[in-house]
Amino acid sequence: MQRFFLRSGDFLDGKIIIKDPDILHQINKVLRMRVGDKFIALDNNDYDFFCVIENVTGVTVTAAITDKKKNLAEPDFYLALYQAMPKKIDLFELVL
């Protein structure tokens, strides 16, 4: 099932209205999705919204939200790795 990262303004009372031209191109031209097709919308707030397309036009796509679940795929910790610069600059490529 396709996943789309959407802005919070696209979510309205149990519906999603997509106006982003890049996502519209992906839905209309690349995936050729039609009314009744399903996808998952992500809102960047740890939730997955399962949706069914209700209307497809060249300017907007309207979808109904059928289910909402908490996304548990993100880890609970943050990890940062750091590498000191080597004395010989030629060794830097080895590090990379």
Side-chain angles (χ1 to χ4, degrees):
M1 194 174 309
Q2 295 296 318
R3 293 174 183 259
F4 298 104
F5 291 95
L6 303 178
R7 294 174 284 150
S8 59
D10 294 338
F11 296 87
L12 302 170
D13 297 329
K15 292 195 181 272
I16 294 176
I17 299 175
I18 302 171
K19 296 179 183 175
D20 184 350
D22 293 331
I23 297 175
L24 289 174
H25 174 75
Q26 183 77 12
I27 290 173
N28 289 330
K29 304 294 183 190
V30 177
L31 298 172
R32 296 181 181 165
M33 296 177 87
R34 301 289 175 234
V35 173
D37 288 345
K38 298 177 182 180
F39 66 91
I40 299 173
L42 306 168
D43 70 343
N44 203 20
N45 289 325
D46 297 332
Y47 284 99
D48 295 343
F49 295 89
F50 295 85
C51 306
V52 176
I53 295 177
E54 291 182 335
N55 188 14
V56 178
T57 66
V59 182
T60 62
V61 170
T62 306
I65 298 173
T66 58
D67 195 13
K68 173 183 173 182
K69 292 187 179 179
K70 181 104 170 127
N71 186 337
L72 302 174
E74 293 294 324
D76 293 335
F77 61 91
Y78 176 76
L79 176 66
L81 297 176
Y82 297 95
Q83 171 65 45
M85 290 294 293
K87 290 184 180 180
K88 295 182 182 179
I89 197 67
D90 296 336
L91 293 177
F92 187 68
E93 287 186 28
L94 177 66
V95 171
L96 290 176

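Numbering of residues begins at 1 and proceeds along the displayed sequence.
Between the CG atom of Asn45 and the CG atom of Leu42 there is a distance of 11.0 Å, given to the nearest 0.5 Å. The structure places CD of Gln2 at 6.5 Å from CD of Gln26, a figure rounded to the nearest 0.5 Å.
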- Message: Evaluate Ile18 against Phe4 for side-chain contact (heavy atoms from CB on, under 4.5 Å), listing each step before the verdict.
- Response: CA-CA 10 Å; Ile18 302 171; Phe4 298 104; 5.5 Å; no
- Message: Please evaluate residues Ile53 and Arg34 with respect to the criterion side-chain contact (heavy atoms from CB on, under 4.5 Å), reporting the C-alpha separation (whole Å), side-chain torsions for both, the decisive distance (0.1 Å), and the verdict.
- Response: CA-CA 7 Å; Ile53 295 177; Arg34 301 289 175 234; over 6 Å; no
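The hydrophobic cluster containing Val52 does not contain Met1, counting ILVMFWY residues as joined when their side-chain heavy atoms lie under 4.5 angstrom apart, directly or transitively. A continuous path of Ile, Leu, Val, Met, Phe, Trp and Tyr side chains, each step under 4.5 Å between heavy atoms, connects Tyr47 with Leu6, placing both in one hydrophobic cluster. Residues Ile40 and Ile17 do not share a hydrophobic cluster, defined by chaining ILVMFWY side chains whose heavy atoms lie under 4.5 Å apart. Residues Leu31 and Leu24 share a single hydrophobic cluster, defined by chaining ILVMFWY side chains whose heavy atoms lie under 4.5 Å apart. Cluster annotation: Phe49 is connected to Val56 through the hydrophobic network of ILVMFWY side chains, with a link wherever side-chain heavy atoms come within less than 4.5 Å.
Listed by first and then second residue, the ring-ring contact (aromatic ring centres under 6.0 Å, His included) pairs involving residues 62-96 amount to none (not counting sequence neighbours).
Residue Lys70 places its NZ atom among more than 12 non-hydrogen atoms of other residues, nucleotides or ligands, all under 6.0 Å distant.
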Would you be so kind as to tabulate the donor-acceptor pairs closer than 3.5 Å made by side chains of residues 57-68, with sequence neighbours excluded?
residue : atom : partner : partner atom : Å
Thr57   : OG1  : Val59   : N            : 3.3
Thr57   : OG1  : Thr60   : N            : 2.9
Thr57   : OG1  : Thr60   : O            : 2.9
Thr57   : OG1  : Thr60   : OG1          : 3.3
Thr66   : OG1  : Phe50   : O            : 2.9

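Under a 4.0 Å N-O distance rule, the pair Asp10/Arg7 qualifies as a salt bridge.
Residues Asn44 and Phe5 are not in side-chain contact: their nearest non-hydrogen atoms beyond the backbone lie 4.5 Å or more apart.
Remark: Asn71 pairs with Asp48 by the side-chain hydrogen bond (donor to acceptor under 3.5 Å, both in side chains) rule, at least two apart or across chains.
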